[in-house]
Enquirer: 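Okay, here's the structure, questions in a sec.
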Amino acid sequence: MGILEKITRNVDNRYWDPGVGAFPVKNRYTAGVAGQRFFEKIKEDGNIIGTRCEACEITYVPARLYCERCFKRLEEKDWVDVGTEGIIHSFTVVHKTLEGETKEKPTLLAAIQFADGMLIHRMGECKEEEVYIGMKVTAHFKAKPKRKGGINDIDYFKPL
Amino acid sequence: MRKVAIVGAGLTKFVRRALETPKELSFEATKTALDSCGLSLDDIDCVAHGSAPDAFDGIHQKGEYLADGCGGWNKPTMRVYVGGATGVHAVVHGWHHVASGMFDICLVVCEEKMSNAMPHAQGFFLTIFDAITERALHPNLLWIFALEMNRYMERYGYTKEDMALAAVNNKRNGLLHPSSQFKDEITVEDVLNSETMAYPVSRLDVSPVSDGAAAVVLAAEPVARRLTDKPVWIEGVGWTLDTAYWATRDLYYPRYLDKAARMAYEMAGIREPDKQINIAEPYDPFDYKALHHMEGLQLSPRGKTVELLRDGHFARDGNLPMCPSGGLLGVGNPIAAAGVMKICELFWQLRGEAGERQVPGDPRLGVAQAWGDLMQVSSVVVTGI
Amino acid sequence: MSEKIQVSGGTALSEEDIRSGNIFVTEDSLDCAYAWDMGVAIKRYLAELKEGRIIATECRKCKRIMLPPRLFCELCFIPCNSWRYVKDTGTINTFSICHVHWDASRIKEGEDPHLPAVIEIDGASDGMGIMHILGEVEPEKIKIGMKVKAVWKPKAKRTGSITDIKYFKPL
Amino acid sequence: MSKRVAIVGIGCSGFRTTSTDLSYREMIFEAATKCYEDAGGIHPQSIDSFVASSEDFMEGISIADEYVPDQLGAVLKPVQSIAGDSLQGLASALMQIKTGQQSIVATSAFSKVSNLSHYEKVAAYATDPAYIRPLKEHPYFIAGLEMNRYLHESFSTREQCARVVMKNRYNALSNPRAVYGAKVTLEDVTCAEPVSEPLGQFDISGHLDGAIVILLASEEKALEMTANPVWIKGVGWATDTPNLDSRREGLGGALYAKLAADKAYEMANIKSPVNEIDFAEIDDTFSYKELQHLEALQMCGFGEAGKLLEMGCFEPGGDLPVNVSGGSLGAGYLHEANGLQKVMETALQLRGEAGKNQLAGVETGLAFAWRGIPTATGTAVVLSNRL
């Protein structure tokens, strides 16, 4: 068996986990020390901030607590406003849902450069064929009362 | 065999719910460890990190996610994983990196953020059991501890009160630890009166759920001597995994630890561990485990451990202090990080830098151990000065 | 002896901090189901359970009768193909009386505690236990070493699962 | 670092899109049996240590390393799991031998991806929970972004990516271990259903179940055990950064591959990879990855891989045969076992056991694996049949 003998008939040889999902528990994630402040800025001011490591000459967006390159702790003075306008670094048209099904309406997603960092988000108010790498875009925020302190407080980015 | 030393160590506070992301926790511990030996990230050749199940932090490929927080930017990083034994094993893994001659300086970082699991981390432990032959019974983690504890107690005639002594010892030690999650001393009565969770396990027999991170810096001999005048040498390492058919083993004795400990002692040239070793940091997620592991570590004769504990043999000022850090019971249990915390303790104790917690008598040799999976795996590190 | 221990980070939050919405969180769950391939040994094990029998495999070299059955002896490292029925009675190796559910929530007032046990099955080699639960017994009366017997679900209700045995009760 | 290490045994099983006939335990037992027999019939009792590579969510088990020992014959032995690609597991095994504490170490990995209802969701669970996951998109959008940026920077074309698929799936036709062998046309690939444009359905390697066990031994033991050891000349692994927003070369680069290869080449004392490496089995999880990786591994200049591919350089008869086995696009993608599959195919070539796909006169080969979406981690191994 195994090696000596094998199942050769295609019968139901599978045992499904009882119930939906094998990991029947939720996860909850804090945004962290830097993320908390990053999202606060989006929520309260509709603005995007990063943190700058002077030694490495790099400005992180989203903001970080530390410079991953030199491990300097990024402090009060290192927080910088990067504005709401960025440049498309790359984009893609997503045709599949998270379930792997074909979407009725594909999503236009872009990686948008802010300083030395990037935000990945949906594109809106523009057609697929209009988008190009290097295009200038700006954030379209949700109405302030609807913002909850998360990346979806930005509805989408749109051409400038 | 190339000699490897621990040259730096750092910890976060262990807390129930941390604001920091898992990356940020890792950063705090790693940065502190680097600062403790005056190194910068540029000096680091590689990162050996560890973390227990992905389900706690709630991130698939958690090793990748944690890499930058562990100082792994543009470096070789590798995450090792042996369940609860991961913490001490990560140091063994770091030792592999350096002792192999492939790297001179290695960061070892472990992190766990159990509060990311909702409503309680225990729910995820359902998924450690065999998917087909066990999970349908809706087991929880406490079952296996309770089953092992009951068997252990029955075999040697130990009582719940005996077991509680270990909780009291460790929690008292932990009150002095700057990372500790706890403020209050407890008594044997408190343990016995705490609610029964899964007989014989009561609430205070168990270490808490925690968030935290811990890091140490390992260096090859010549580098270590340059970095510090008090390197703490890794004298021996051992690790063993027993069969996954856990119910087919008699649980009263941790034979997986017996073998791992002998492997480490052989490498360290230790013939009489109970006489030669000055500090023990056995893995103590539950109070009985501390005692069970003292036996597996060959530091206490089987069935005589409670007697020795009562006689003060394992107290901070006893012949062989047990968990002077406070252990998981006394400091907290962010799983993998708790294992590295034990190594940090040996580092500070052997260097005489443990402050209020310092064990007397210039200890020279210590052993740390972690345990995990389905009561199945142990990793052991022996350190000396 | 100077204290040189460095500790940094680990900012404690309360559940209230998060509930109030002042601390931002995201939530997610891994909604993926798994269908484990049972393979030859476990498939037969479950099929036999459905018939009200417990089956094991024997290693021709070390002669261990192994439970749960497996297609190989992990010690001799040879395939094995000798099936052996074992009894549905056994001895309690260890047990617990558990007052919390799998998700750590406490059982309700009046609800019976769970009684998990490792049961060494008669007919398998010494020490070959399986994890199961106990029933029809006062928790205080359970003893290590006690003889127990499987209580099967009615045949029509069996599904080919370890839960086809409802529980083990004292003999 | 004088201790030399060789591959002395190789075994695999499964290698089908579903494997309902075997449990993962039985599948690994089969692979291990074959491996130990391949190494001259060693009993696992004589193996010093074991390394497995796995990720919990791929198995639906927390602390999946629990279930490693039995089917490898590793009960009460030193066993560890690496939560990473199996090439990292191989690297860990190599380091263990180099410490001198171990002489013979087995390394294993397997895939039972067919058991998952939604692999996409598992991959999505690897992305950042604050910045990426709330978008609720199929995780392959990251590959779409990477591919678009790579094509933009390198001036490689969509068609060149499609030609990678054509080549690898054609190569797979003559590899008995490959299941996605096919003769596909350019249009088959470019007109296939889009997943995350420009990435289409056939640019993505298909899932595969299978188990691989590879046995490593120190020089002394290797020479005793086998007549055809394959020497591990160099190994390197590296992570760029897990953060999509701060990769040093942006989303178009594969810096991790360069960093990993630099280390492997240095250890193997390789100065000119193009001239010193005879063939390569490198990561082609997605079509563009093969081109991107070839450049990052210094097999050609930046932006040249696509053109060289069109010229036939990477065909089995070309200057540098790449993924003669069919790669992941042709053989199937084994997830955590992906790296060991690359090593296995490379080692079989070096032993002259690659059957119809055998290349003539090869001495040195490169195996490279990437960790997949969304990571920036890769591992490179240089193998040779010459000591």
Side-chain angles (χ1 to χ4, degrees), chain A residues 1-3 6-14 16-17 21-23 27-32 35 38-39 58 60-62 64 68-69 89-103 106-111 113-114 116-122 128 132-134 150-152, chain D residues 13 20-23 25-27 29-30 33-34 56-57 60-62 114-115 117-121 124-125 128-150 152-153 193-200 241-248 250-252:
Chain A
M1 296 173 315
I3 285 176
K6 284 185 182 167
I7 290 174
T8 51
R9 275 189 315 146
N10 190 11
V11 288
D12 186 11
N13 290 318
R14 294 190 154 180
W16 283 87
D17 58 86
F23 292 93
N27 287 114
R28 185 178 71 187
Y29 314 87
T30 59
F38 177 77
F39 287 129
I58 176 170
Y60 292 97
V61 181
R64 305 276 169 77
E68 63 184 17
R69 304 188 177 190
H89 173 81
S90 189
F91 65 94
T92 181
V93 186
V94 190
H95 290 264
K96 297 281 179 185
T97 66
L98 195 48
E99 275 73 33
E101 310 291 332
T102 302
K103 285 185 175 187
T107 319
L108 186 53
L109 279 188
Q113 196 173 343
F114 287 87
D116 304 302
M118 269 179 234
L119 292 180
I120 292 168
H121 222 299
R122 295 173 291 270
E128 195 186 312
Y132 57 92
I133 289 175
I151 196 70
N152 284 323
Chain D
S13 76
T20 48
D21 56 335
L22 295 170
S23 68
R25 281 186 166 125
E26 292 162 3
M27 196 164 78
F29 174 73
E30 183 173 323
T33 302
K34 289 180 183 173
D56 281 1
F57 286 136
I61 294 170
S62 270
S114 71
N115 290 8
S117 68
H118 293 93
Y119 166 73
E120 303 81 356
K121 291 185 180 176
Y125 231 63
D128 190 285
Y131 303 104
I132 304 292
R133 253 192 264 170
L135 299 173
K136 299 265 176 225
E137 292 292 345
H138 191 295
Y140 283 3
F141 81 79
I142 297 166
L145 291 174
E146 284 189 1
M147 181 171 178
N148 205 13
R149 183 71 194 181
Y150 169 72
H152 174 79
E153 285 177 2
E193 196 187 355
V195 173
S196 186
E197 283 180 66
L199 192 77
T241 168
N243 301 303
L244 297 174
D245 53 83
S246 60
R247 289 189 194 164
R248 216 161 94 191
L251 292 173

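Letters go in sequence order (proteins before strands), and every chain restarts at 1.
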Enquirer: Can you say whether A:Glu128 sits under 4.5 Å from chain D via the side chain, the backbone, both, or neither, judging by heavy atoms?
Expert: side chain

Enquirer: If you look at every heavy atom in A:Ile151 and D:Pro134, which pair is closest and at what distance?
Expert: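 Residues A:Ile151 and D:Pro134, closest heavy atoms: CG2-CB, 3.6 Å.
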
Enquirer: Quick check on A:Thr97 against chain D: is it the side chain, the backbone, both or neither that has a heavy atom closer than 4.5 Å?
Expert: backbone

Enquirer: Heavy-atom cut-off 4.5 Å, strictly under: side chain, backbone, both or neither for D:Ser13 against chain A?
Expert: neither

Enquirer: If you take the centroid of each ring, where Trp contributes its six-membered ring, are A:Phe39 and D:Tyr131 closer together than 6.0 Å?
Expert: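 Under 6.0 Å, so yes.
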
Enquirer: Please check if any side-chain donor atom of D:Glu146 sits under 3.5 Å from a side-chain acceptor atom of A:Ser90, or the reverse.
Expert: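 Judged by distance alone, the side chains do not pair up.
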
Enquirer: Of the backbone (N, CA, C, O) and the side chain (C-beta and beyond), which part of A:Phe114 lies under 4.5 Å from a heavy atom of chain D, both, or neither?
Expert: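 Neither part.
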
Enquirer: Of all heavy-atom pairs between A:Asn27 and D:Tyr125, which one has the smallest distance, and what is that distance?
Expert: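 In this case the closest contact between A:Asn27 and D:Tyr125 is OD1-OH, 2.8 Å.
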
Enquirer: Quick one: do A:Arg64 and D:Asp245 make a salt bridge, cutoff under 4.0 Å?
Expert: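 Yes, this pair counts.
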
Enquirer: Kindly indicate whether the side chain of A:Glu99, heavy atoms from C-beta on, has any atom under 4.5 Å from the side chain of D:Lys121.
Expert: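 Of all side-chain heavy-atom pairs linking D:Lys121 with A:Glu99, at least one is under 4.5 Å.
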
Enquirer: Once you round to the nearest 0.5 Å, how far does NE2 of D:His138 lie from OG1 of A:Thr102?
Expert: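 One gets 10.0 Å once the value is rounded to the nearest 0.5 Å.
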
Enquirer: Tell me which of these, D:Ala143, D:Gly60, D:Pro194, has more heavy-atom pairs under 4.5 Å with chain A than the rest.
Expert: D:Pro194

Enquirer: Considering all heavy atoms of both residues, which atom of D:Glu193 and which atom of A:Lys96 are nearest to each other, and what is their separation?
Expert: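 In terms of heavy atoms, the two residues are closest at OE2-NZ, 2.9 Å.
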
Enquirer: Please determine, among A:Ile58, A:Leu119, A:Leu109, A:Asp116, the option with the most heavy-atom pairs under 4.5 Å with chain D.
Expert: A:Leu109

Enquirer: Test your reading of the model: is there a side-chain donor-acceptor pair from D:Arg149 to the backbone of A:His89, 3.5 Å cut-off?
Expert: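 Looks like yes, one N/O pair under 3.5 Å.
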
Enquirer: Tell me, please, which residues at least two apart from D:Ala124 pass side-chain contact (heavy atoms from CB on, under 4.5 Å).
Expert: A:Leu98, D:Pro139

Enquirer: May I ask you to name which of D:Leu199, D:Leu251, D:Ile61, D:Asn115 has the most heavy-atom pairs under 4.5 Å with chain A?
Expert: D:Leu251

Enquirer: Can you tell me which of D:Arg133, D:Met27, D:Arg247 forms the most heavy-atom pairs within a distance under 4.5 Å of chain A?
Expert: D:Arg133

Enquirer: Go through A:Met118, A:His95, A:Glu68 and name the one with the most non-hydrogen pairs under 4.5 angstrom from chain D.
Expert: A:His95

Enquirer: Identify, with sequence neighbours excluded, every residue that meets side-chain contact (heavy atoms from CB on, under 4.5 Å) alongside D:Leu135.
Expert: A:Ile120, A:His121, A:Arg122, A:Asn152, D:Glu137

Enquirer: Examine whether an atom of D:Ile132 lies under 4.5 Å from a heavy atom of chain A, and if so say whether it belongs to the side chain, the backbone or both; otherwise answer neither.
Expert: side chain

Enquirer: For the CZ atom of A:Phe91 and the CG atom of D:Asn148, what is their distance to the nearest 0.5 Å?
Expert: 4.5 Å

Enquirer: Counting only heavy atoms closer than 4.5 Å, note whether A:Tyr60 contacts chain D via side chain, backbone, both or neither.
Expert: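 Contact with chain D is through the side chain of A:Tyr60 alone.
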
Enquirer: Could you tell me whether the side chains of D:Glu197 and A:Thr92 share a donor-acceptor contact shorter than 3.5 Å?
Expert: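 Checked: D:Glu197/A:Thr92 side chains show no N/O donor-acceptor pair below 3.5 Å.
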
